[in-house]
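For reference, the structure is listed below as structure tokens.
What you see is a predicted model, and the numbers here were worked out from it, not measured in a lab. Order of the sequence lines sets the chain letters (A, B, ...), proteins ahead of strands, with each chain counted from 1. Just so it is clear, the values below take in all heavy atoms, side chains as well, and ignore hydrogens, waters and symmetry mates.
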Protein chains: 2
Amino acid sequence: MPFANTEIPGKFQAFLAQRGIRMTEQRRAILNVIETAKKHLDAGQILRRARKLDPSIDRSTVYRTLGLLKRHGLIDELDLMHLDGEAHYYERKLNRDHIHLACLRCGRITEFVSDLFESLKEQVEKECGYRIAVARLEIGGYCSKCRT
Amino acid sequence: MPFANTEIPGKFQAFLAQRGIRMTEQRRAILNVIETAKKHLDAGQILRRARKLDPSIDRSTVYRTLGLLKRHGLIDELDLMHLDGEAHYYERKLNRDHIHLACLRCGRITEFVSDLFESLKEQVEKECGYRIAVARLEIGGYCSKCRT
DNA sequence: ATCCTATTGCGACTGTGTCGCATTAAGATG
DNA sequence: CATCTTAATGCGACACAGTCGCAATAGGAT
Ligand SMILES: [Mn+2]
Ligand SMILES: [Mn+2]
Ligand SMILES: [Zn+2]
Ligand SMILES: [Zn+2]
């Protein structure tokens, strides 16, 4: 469940328009689904929801759109420890990065923001000489309720 | 390229024996491949290398053994940004966790150890109440040679 | 040497993600 | 508004990772 939506929906569309990327009926539907999602969705779930807005949308269009959004840094792709199958999960990128914790017993997903994480990324950029585009910290473990 | 091998090969076998897990010809081959690997390998690569030691080994045995090693916390599973296909990569777990950086242009993989990373994990355990089993920090970006 | 059962190979299967190609429709232009 | 260019789509076929049930095999305890 990505963080409270403090963003105005429609941001994606504005961003892409500014870069001269063509807006289609299908893209509008997919962007809408992702922007308003209250949890992490995989490609199949995105497809099903988008089809409620535009029933003609094809699976491959979803994948192509996810590729587009990834390339432009608008969404992040997650494994969430592949607790159920091999699909990847997507969420819109917000101002601030966050960490994902997945409980290996109950499957609960927790999000966490940390200044230490920001410092760590800075350290990596400096000491490894990388310019970071995506930073994914995913943790598998046992939540307070499931700890033995 | 996992870090310099300061570990004695055979550790896996000893560990599993101690837990009363049956050792087979096939498992010995697979463990050997993983323990002596000098870079991150995917399941297909592990299979091909293991077959040189025991040609009868089947794909499913590799996957089952990887599952076993994951469950016992002996190996880590990585995406490495899925730079080439959807396969996952494996490496033996060492004393110290490390971060993976993947260059989105040249594909180079860099490993990095950081105390900040250790502190961050401690913070997460405390503040989120999780007992961490696996912590994966994977970064996609541009290495010093590829930065525009 | 015998026995129990965990592990294996096999084969068939599921599901994710990709791609080429003919068709459609965005949106720029006049 | 009609025309035109070309990016984007739907479709179908595909590649490939990973899983599973089942009968046969072999570890290793006795
Ligand atoms: Mn993955
Ligand atoms: Mn590594
Ligand atoms: Zn839990
Ligand atoms: Zn590079």
Check for a donor-acceptor pair, side chain of [X] on one end and backbone N or O of [Y] on the other, with a separation under 3.5 Å.
{"X": "Gln13(B)", "Y": "Met23(B)", "answer": "no"}
{"X": "Arg27(A)", "Y": "Arg22(A)", "answer": "yes"}
{"X": "Glu138(B)", "Y": "Leu80(B)", "answer": "yes"}
{"X": "Glu35(A)", "Y": "Arg92(A)", "answer": "no"}
{"X": "Arg105(A)", "Y": "Tyr142(A)", "answer": "no"}
{"X": "Arg147(B)", "Y": "Gly129(A)", "answer": "yes"}

Does the side chain of Thr24(B) get closer than 4.0 angstrom to OP1 or OP2 of dT8(C) through an N or O atom?
yes
With a 4.0 Å heavy-atom cut-off, tell me which residues in residues 25-33 of chain B come close to DNA chain C, sorted by residue number.
Gln26(B), Arg27(B)
Here the residues of residues 43-57 of chain B within 4.0 Å heavy-atom distance, strictly under, of DNA chain C are Ser56(B), Ile57(B)
Could you tell me whether the side chain of Arg59(B) has a donor or acceptor atom within less than 3.5 Å of a complementary atom in the base of dG18(D)?
yes
Minimal non-hydrogen separation, Phe112(B) against Leu101(B), with atom names
CB-CD1, 4.1 Å
Tell me, with the steps shown, if Arg136(A) and Asp79(A) meet salt bridge (Lys or Arg N to Asp or Glu O under 4.0 Å).
CA-CA 9 Å; Arg136(A) 252 167 78 172; Asp79(A) 270 24; 3.0 Å; yes
Select one nucleotide: of dT7(C), dG27(C), dC11(D), the one nearest the side-chain heavy atoms of Arg22(A).
dG27(C)
Have Tyr90(B) and Glu77(B) got a donor and an acceptor in their side chains that come within less than 3.5 Å?
yes
Under a 3.5 Å cutoff, is there a donor and acceptor pairing between the side chains of His88(A) and Asp42(A)?
no
For Asp42(A) and for Asp58(A), find the nucleotide of DNA chain C with the closest heavy atom, then tell me which residue's nucleotide is more 5'.
Asp42(A)
Calculate the interatomic distance between Ile21(A) atom CD1 and dT6(D) atom P; express it in whole Å.
18 Å
Mind telling me whether His100(B) and His40(B) have parallel, tilted or perpendicular rings, with 30° and 60° as the class edges?
perpendicular
What are the residues of residues 61-88 of chain A, sorted by number, that bring a heavy atom to within less than 4.0 Å of DNA chain D?
Thr61(A), Arg64(A), Glu86(A)
